[in-house]
Amino acid sequence: MSQNKLSSRVSTLVKSAAAAAVLPVVFIYVMIAKPDYHLMNALSHVVVPVAHVVGDVLTWPLRVVGRTAVRIRDISTLRAENEELRAALDAAMRRQTLCDVALDENTRLMRELNQAAVMPTKTIVARLTQNNSAFGHHTFLIDRGKNHGVRPGMAVASFDGFLIGTVLDAGDAFARVRALTDTDSKIPVRVTGTEVYGFLSGDGSASPRLEFLSQPEFIPTAGVQVVTGSIGGVLPADLPVGKIADGRGNVSVPDATRDASVMILHFDAGDTYK
């Protein structure tokens, strides 16, 4: 029964479409064969609306395809703009990361540079006359002594400002210096950019080791500078000593005998300034 109803509806639609298609033909025939303007005017009120409906029905697929094409074009444009914006955002994020890294590095360097500058009240230049290195001990003799103002405990530095040892004992015209690499050497130090203090203990190698740090959880970072600490007042604070060589806390220090001459630094109380 339902199938008969469907067939009847389809038949009605086909007949209506055929009648609608015939109306324009009849209208054109009347215009050409029998130009009756009253009849043409009456038919126009029927033919024109029907023609609009027929045109809309016939052009509906084209209009749908056109709108779909426009939407596809808009979606493609949006996708391209989205990709450009994402690329710009990624580039901005990379620049932001680089800026953050540079800012952190600048902060670290500023902390390192914001240390007390140390100026000796007197500098005595001396020449190395003898190098004694055996069984982990390392000392050397210089040609300046008590007559020149050299006293035990004075700091001995290279000409580029690095501490290389301390005066062990002195005669009238000579003195013996203990290098930082000597197994009996133990000087207070500080890791620059931090408040981590400890001792640099010689072990006979070119890289003494940091020990007894004030912060046991501190992880040494290669390349960070180590300077003298103010613990005990044995040495003036902030004299450059060397740089951390690895994550185990070994510190690379200059070779005490690499140059033929050294500087003996004399400091009085209140010699440091900021």
Side-chain angles (χ1 to χ4, degrees), residues 112-134 137-192 197-208 210 223-245 250-274:
E112 292 183 6
L113 292 174
N114 192 28
Q115 57 187 359
V118 181
M119 294 295 292
T121 56
K122 184 179 181 181
T123 300
I124 304 169
V125 178
R127 292 182 59 83
L128 276 70
T129 59
Q130 186 177 346
N131 181 32
N132 303 309
S133 179
H137 294 283
H138 188 193
T139 61
F140 55 91
L141 299 179
I142 57 176
D143 63 353
R144 293 291 185 270
K146 293 179 180 179
N147 294 340
H148 306 89
V150 178
R151 299 290 185 269
M154 283 186 172
V156 180
S158 62
F159 276 87
D160 54 3
F162 278 83
L163 180 71
I164 57 176
T166 57
V167 176
L168 187 60
D169 48 45
D172 292 336
F174 74 93
R176 187 161 57 108
V177 179
R178 174 184 287 155
L180 299 181
T181 54
D182 188 276
T183 53
D184 291 331
S185 174
K186 188 183 293 290
I187 64 169
V189 294
R190 180 178 64 87
V191 179
T192 57
Y197 292 86
F199 290 90
L200 186 67
S201 299
D203 56 5
S205 71
S207 300
L210 287 173
V224 177
Q225 191 173 35
V226 176
V227 296
T228 54
S230 57
I231 301 174
V234 178
L235 291 170
D238 300 322
L239 280 175
V241 173
K243 292 184 179 180
I244 297 177
N250 294 319
V251 178
S252 177
V253 297
D255 181 5
T257 58
R258 65 180 181 178
D259 299 322
S261 298
V262 295
M263 296 187 299
I264 298 92
L265 308 179
H266 178 68
F267 295 87
D268 289 334
D271 284 340
T272 60
Y273 70 92
K274 291 185 179 180

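All residue numbers refer to positions in the sequence shown, counting from 1.
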Practice problem: Start with the C-alpha distance between Thr192 and Val224, add both sets of side-chain angles, then the distance that settles side chain to side chain contact (heavy atoms under 4.5 Å, CB included), and finish with yes or no. | Solution: CA-CA 7 Å; Thr192 57; Val224 177; 3.8 Å; yes
For residues [X] and [Y], determine if any side-chain heavy atom of one lies less than 4.5 Å from a side-chain heavy atom of the other.
X: Leu239; Y: Val227; result: no
X: Asp238; Y: Arg190; result: yes
X: Leu180; Y: Val251; result: no
X: Leu210; Y: Ile244; result: yes

[X] versus [Y], closest heavy-atom pair with distance:
X: Thr129; Y: Ile142; value: OG1-N, 4.0 Å
X: Gly149; Y: Met154; value: O-CE, 3.0 Å
X: Ala206; Y: Thr181; value: CA-CG2, 4.2 Å
X: Thr139; Y: Asn131; value: O-OD1, 3.6 Å
X: Phe162; Y: Pro254; value: CB-CG, 3.6 Å
X: Phe159; Y: Val262; value: CE1-N, 3.8 Å

[atom1]/[X] to [atom2]/[Y] distance, rounded to the nearest 0.5 angstrom?
X: Leu265; Y: Thr166; atom1: CG; atom2: OG1; value: 12.0 Å
X: Met263; Y: Leu163; atom1: CE; atom2: CG; value: 10.5 Å
X: Asn132; Y: Phe140; atom1: CG; atom2: CZ; value: 10.5 Å
X: Arg258; Y: Asp160; atom1: CZ; atom2: CG; value: 4.5 Å
X: Asp182; Y: His138; atom1: CG; atom2: NE2; value: 8.5 Å
X: Leu200; Y: Ser185; atom1: CG; atom2: OG; value: 6.5 Å

Please confirm whether the backbone N or O of [Y] pairs with a side-chain atom of [X], one donor and one acceptor, at under 3.5 Å?
X: Ser252; Y: Lys243; value: no
X: Asp255; Y: Thr257; value: yes
X: Asn147; Y: Asp172; value: yes
X: Asn250; Y: Ala245; value: no
X: Arg151; Y: Lys146; value: yes

Practice problem: Under the side chain to side chain contact (heavy atoms under 4.5 Å, CB included) rule, what do Val125 and Arg144 come out as? Steps first, then yes or no, please. | Solution: CA-CA 8 Å; Val125 178; Arg144 293 291 185 270; over 6 Å; no
Exercise. Check side-chain contact (heavy atoms from CB on, under 4.5 Å) between Asp203 and all other residues, then give those that pass, not counting sequence neighbours.
Key: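 For Asp203, the residues satisfying side-chain contact (heavy atoms from CB on, under 4.5 Å) (neighbours in sequence not counted) are Ser205.
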